[in-house]
Structure formats: C-alpha cells, structure tokens
K.L.:
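Below are the structure tokens for one structure; questions will follow.
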Amino acid sequence: MILCAGEALIDMLPRQTALGEATFMPCTGGAALNMAVALARLDTPVSLFTGLSTDMFGNQLRATLTAAGVGDRVATSDRPTTLAFVELVDGSARYAFFDENTAGRMLTADDLPALDDVQAVALGGISLAVEPCADALETLCTRAAPNKLVMIDPNIRPLFISDEARYRARLTRMMAVADIVKLSDEDLDWWNGGDIDALLASGPKMLVMTKGPEGAVAIRASGMVSVPATRVDVVDTIGAGDTFNAGFMAGLSDANALSKAALATLSDDTLRNALTLGVQAAGITVSRAGANPPHRSEL
C-alpha cells in the first residue's frame, strides 16, 4: 500500500455563469489528494495522510476520497480548508493560496499515522513549504526512510515560499534520505540550475523528471531511461504532475517494486513501463478540465 502525504484543498477554478459573468467553481485538489485519487483509479491500494476540516469544503474533500476508494489516514479539525484560486494562462495554472491556520497546514508530528502496513510513502506539494505541516512531513519522511520506499515531489511554487533558506534546508535533508525525487524540468532549474549530477550526489537513488511535451526521464547511477510524451489537445495542466506521479508509482506497484531492494535491481524495461503509465495517465488528465485523473480502463 502507498501512503500519500501532503495537502488536500479546494481549487477554485475559473468559470463563467450562464450570463457570461466570471465566477469560480470549488473543485477538490491538492497534490497529495490528486495523487491518491489517481492511484485509486489505477487500482493501486492507497491511503492519504492529510488534515481535513469539518467545514463544507472538508466534507467535499472527504466525499471525493470515499468515492475513489482512498484509505482514510486523515487528521480532522474544525480549522478551515485551504483554498487555491486558479488563474489559467494559455492553459497553464497559476495559483493564489489562502492557507493561514488551516486544517492541513496545522498538522504536527503528533498527527502522524502508523506505517506498519505501508510499502511506500509519497510526499510533496505546497505542504513542504509551510509550517508546522512541513516539519510534520519531514518527520514522516525520516521515520519511513530506513525501511520504506520514499518518493518526494516538492512541486515547487516559488511564490508560495516565504523563507527560501529554510525551505531549501528542509528539502535537502529529505532528499538525502529519499529513494526517488521527482521534479519537473522547471523545478530542477529553480532548485540548482538544472544540475542532475549534483542532485543525485546529494542522496536520492533516482531522479524522475517530467519535461512537458518532451516526455519524462528517470536517471540513476546505472543510466537514463526516457519515454516520449503522449500527444493530446491540452485543456489545462491542473493535476498533471500529480497524475504522472500516480501512474509511475502504480507502474512500480504492478511490478511488485515498491521496496528499496526492488528499486535497486529494477530493469530498464520495468522502469520504462512505469514512466509510460505516468505519461499516459497525465496525458488524459491534461486533455480535460481540472484535476480529473483517468481510471485504469481508460488507458
């Protein structure tokens, strides 16, 4: 079973009323929730650790998880739900976050779930940039790293980072014990100017990088495996990276490779299959509005 850990929030997506007036529609989102839902739709056992509110938006998030069949490892409180107002510019999403004192942000190490039945932990999203939840997720990473497969996708949002030095220090510590670090090419450029060798030298066993229309690559000490992108008509990119992560991890699960030992001996063909599943799933997501990942039957 894969445990996804990070934010679950409401994406306020731009829409128009019947009269042509600008408005926003509340849709479930957040990196960890999107990945968990996508994994469940790909028939991969998954649970979500996050903070959920008892407010109306928290109920909406909970209903989405239940409908998808995602396991419940959430911490519930009466704090508000994080809102992310989305602006679409040429199909790409830009965000304005409202996150102060929310149910997700105020998670602490005391809320962390047990890991007895967990094979892999996938952490990431904006929850790694704000405290105290970022400190809680680092503690989860540290606890999992000795004997669980750990994947990290920081999903870097520079405008959301208030203390860059602290953020970089935390991510550096987490990447040092991670098995897989996933970044977009834009993320890697922001992180260290695109230096793949330096990132791998810092600790992770594998770098998985998405490159938009150029597909995706996985780089490790034994070499590089790449796959092309799926050609689609892009509606928007909301949830694309999260769906790719789910497809990639589902591919590892399909191959019984959710362990440190299995990852160390993973064949190029198995790695290529996992990348391909990630790219195909993400391609379907970007071809329709919002974070709406595909079911296995659609691939």
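These numbers come from the heavy atoms of this one structure, side chains and all, not from hydrogens, waters or symmetry mates.
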K.L.:
Which heavy atom of Ala282 sits nearest to which heavy atom of Ala240, and what is that distance?
P.N.:
CB-O, 3.6 Å
K.L.:
Distance-only, no hydrogens or angles: does the Thr23 side chain make a donor-acceptor pair with backbone N or O of Arg15 under 3.5 Å?
P.N.:
no
K.L.:
Is the shortest heavy-atom distance from the side chain of Leu299 to the side chain of Leu42 under 4.5 Å?
P.N.:
yes
K.L.:
Same cluster or not: Leu266 versus Ile152, using hydrophobic residues (I, L, V, M, F, W, Y) connected whenever any side-chain heavy atoms lie under 4.5 Å apart?
P.N.:
no
K.L.:
Are Asn192 and Arg168 linked by a side-chain donor-acceptor pair shorter than 3.5 Å?
P.N.:
no
K.L.:
Using a 3.5 Å distance criterion without hydrogens, assess whether the side chain of Asp185 forms a donor-acceptor pair with backbone atoms of Gly212.
P.N.:
no
K.L.:
To the closest 0.5 Å, what do you measure between CG (Leu149) and CG (Leu3)?
P.N.:
12.5 Å
K.L.:
Between the side chain of Lys260 and the main-chain N/O of Ala145, is any donor-acceptor distance below 3.5 Å?
P.N.:
yes
K.L.:
Do Met209 and Ile196 have side chains that get closer than 4.5 Å, going by heavy atoms?
P.N.:
yes
K.L.:
Does the Arg166 side chain pair with the main chain of Ala129, one donor and one acceptor, at a distance under 3.5 Å?
P.N.:
no
K.L.:
Write down the atom of Gly239, the atom of Ala291, and the distance for their closest heavy-atom approach.
P.N.:
CA-CB, 4.1 Å
K.L.:
How far does CZ of Phe49 sit from CG of Leu140, to the nearest 0.5 angstrom?
P.N.:
7.0 Å
K.L.:
Checking side-chain contact (heavy atoms from CB on, under 4.5 Å) against Ile219, which of Leu207, Leu199, Asp197 comes through?
P.N.:
Leu207
K.L.:
Please identify which of these residues, Ile156, Leu183, Val181, meets the side-chain contact (heavy atoms from CB on, under 4.5 Å) condition with Leu188.
P.N.:
Leu183
K.L.:
Can you tell me how far the CG atom of Asp179 sits from the CG atom of Leu263, to the nearest 0.5 Å?
P.N.:
6.0 Å
K.L.:
With a 4.5 Å cut-off on side-chain heavy-atom distances among I, L, V, M, F, W and Y, is there a chain of contacts connecting Leu83 to Val86?
P.N.:
no
K.L.:
Tell me the closest heavy-atom pair linking Ala229 and Val279, and the distance in Å.
P.N.:
CA-CG1, 3.8 Å
K.L.:
Considering only heavy atoms from C-beta outward, does the side chain of Asp268 approach that of Arg220 to under 4.5 Å?
P.N.:
yes
K.L.:
Would you check if Thr81 and Thr102 make a side-chain contact, meaning some heavy-atom pair closer than 4.5 Å?
P.N.:
no
K.L.:
Give a yes or no answer on whether the side chain of Asp55 reaches the backbone of Phe57 with a donor-acceptor pair at less than 3.5 Å.
P.N.:
yes
K.L.:
Atom CG of residue position Asn101 - does it have more than 12 heavy atoms of other residues, nucleotides or ligands inside 6.0 Å?
P.N.:
yes
K.L.:
I'd like to know whether Arg170 forms a salt bridge (Lys or Arg N to Asp or Glu O under 4.0 Å) with Asp135, so could you lay out the CA-CA distance, the side-chain angles of the two residues, the decisive distance to 0.1 Å, and finally the verdict.
P.N.:
CA-CA 8 Å; Arg170 179 184 298 110; Asp135 293 331; 3.2 Å; yes
K.L.:
Is the count of non-hydrogen atoms from other residues, nucleotides or ligands lying under 6.0 Å from Glu186 atom CD greater than 12?
P.N.:
no
K.L.:
Could you give the distance from CD1 (Ile2) to CG (Leu258), rounded to the nearest 0.5 Å?
P.N.:
5.0 Å
K.L.:
In the single-linkage hydrophobic clustering (I, L, V, M, F, W, Y; side-chain heavy atoms under 4.5 Å), do Leu275 and Met224 co-cluster?
P.N.:
no
K.L.:
Are Leu33 and Leu13 grouped together when hydrophobic residues (ILVMFWY) are joined by side-chain heavy atoms under 4.5 angstrom apart?
P.N.:
no
K.L.:
Quick check: closest heavy atoms across Gly30 and Asp242, and the distance to 0.1 Å?
P.N.:
O-OD2, 4.3 Å
K.L.:
Just verifying a value: how many Å separate Ile126 CD1 and Asn155 CG, rounded to the nearest 0.5 Å?
P.N.:
9.0 Å
K.L.:
Below 4.5 Å, heavy atoms only, C-beta onward: do Thr210 and Ser184 meet side chain to side chain?
P.N.:
yes
K.L.:
Determine yes or no for a side-chain-to-main-chain donor-acceptor pair under 3.5 angstrom, with Gln119 supplying the side chain and Met1 the backbone.
P.N.:
yes
K.L.:
According to a 4.5 Å side-chain heavy-atom criterion applied to Ile, Leu, Val, Met, Phe, Trp and Tyr, with indirect links allowed, do Val130 and Leu159 form part of one hydrophobic cluster?
P.N.:
no
K.L.:
Please check if any side-chain donor atom of Glu7 sits under 3.5 Å from a side-chain acceptor atom of Ser127, or the reverse.
P.N.:
yes
K.L.:
Do the non-hydrogen side-chain atoms of Pro294 and Thr243 ever get within less than 4.5 Å of each other?
P.N.:
yes
K.L.:
Is there a side-chain contact (heavy atoms from CB on, under 4.5 Å) between Cys141 and Val177? Walk through the geometry before answering.
P.N.:
CA-CA 8 Å; Cys141 178; Val177 299; 3.8 Å; yes
K.L.:
Under 3.5 Å, side chain of Arg73 to main-chain N/O of Thr50, donor-acceptor pair present?
P.N.:
no
K.L.:
Does the side chain of Val208 reach to within under 4.5 Å of the side chain of Phe244, using non-hydrogen atoms?
P.N.:
yes
K.L.:
Do Arg157 and Tyr95 pass the side-chain contact (heavy atoms from CB on, under 4.5 Å) test, and can you show the C-alpha distance, the side-chain angles, and the key distance before you say yes or no?
P.N.:
CA-CA 9 Å; Arg157 307 286 187 193; Tyr95 297 86; 3.6 Å; yes
K.L.:
Could you walk me through whether Val74 and Leu61 pass the side-chain contact (heavy atoms from CB on, under 4.5 Å) check?
P.N.:
CA-CA 11 Å; Val74 304; Leu61 293 166; over 6 Å; no
K.L.:
Would Phe24 and Asp11 count as a side-chain contact (heavy atoms from CB on, under 4.5 Å) if you check the C-alpha gap in whole Å, the side-chain angles of each, and the deciding distance to 0.1 Å?
P.N.:
CA-CA 9 Å; Phe24 287 93; Asp11 283 326; over 6 Å; no
K.L.:
Return yes if some donor-acceptor pair links the side-chain N/O of Ser287 with the main-chain N/O of Ile284 below 3.5 Å, else return no.
P.N.:
yes
K.L.:
Does some side-chain heavy atom of Thr44 sit less than 4.5 Å from a side-chain heavy atom of Met249?
P.N.:
no
K.L.:
For a quick check under 3.5 Å, do Asp99 and Thr82 share a side-chain donor-acceptor pair by atom type?
P.N.:
yes
K.L.:
What distance do Leu39 atom CG and Arg296 atom CZ have between them, rounded to the nearest 0.5 Å?
P.N.:
9.5 Å
K.L.:
What pair of heavy atoms forms the shortest contact from Cys133 to Gly104, and how long is it?
P.N.:
CB-O, 3.4 Å
K.L.:
Can you name the nearest heavy-atom pair linking Ala257 to Ala262, along with the distance?
P.N.:
CA-CB, 3.5 Å
K.L.:
Keeping the roles fixed (side chain from Lys148, backbone from Val118), state whether a donor-acceptor pair exists under 3.5 Å.
P.N.:
yes
K.L.:
Looking at Gln280 and Leu277, would you say the former's side chain and the latter's main chain have a donor-acceptor pair under 3.5 Å?
P.N.:
no
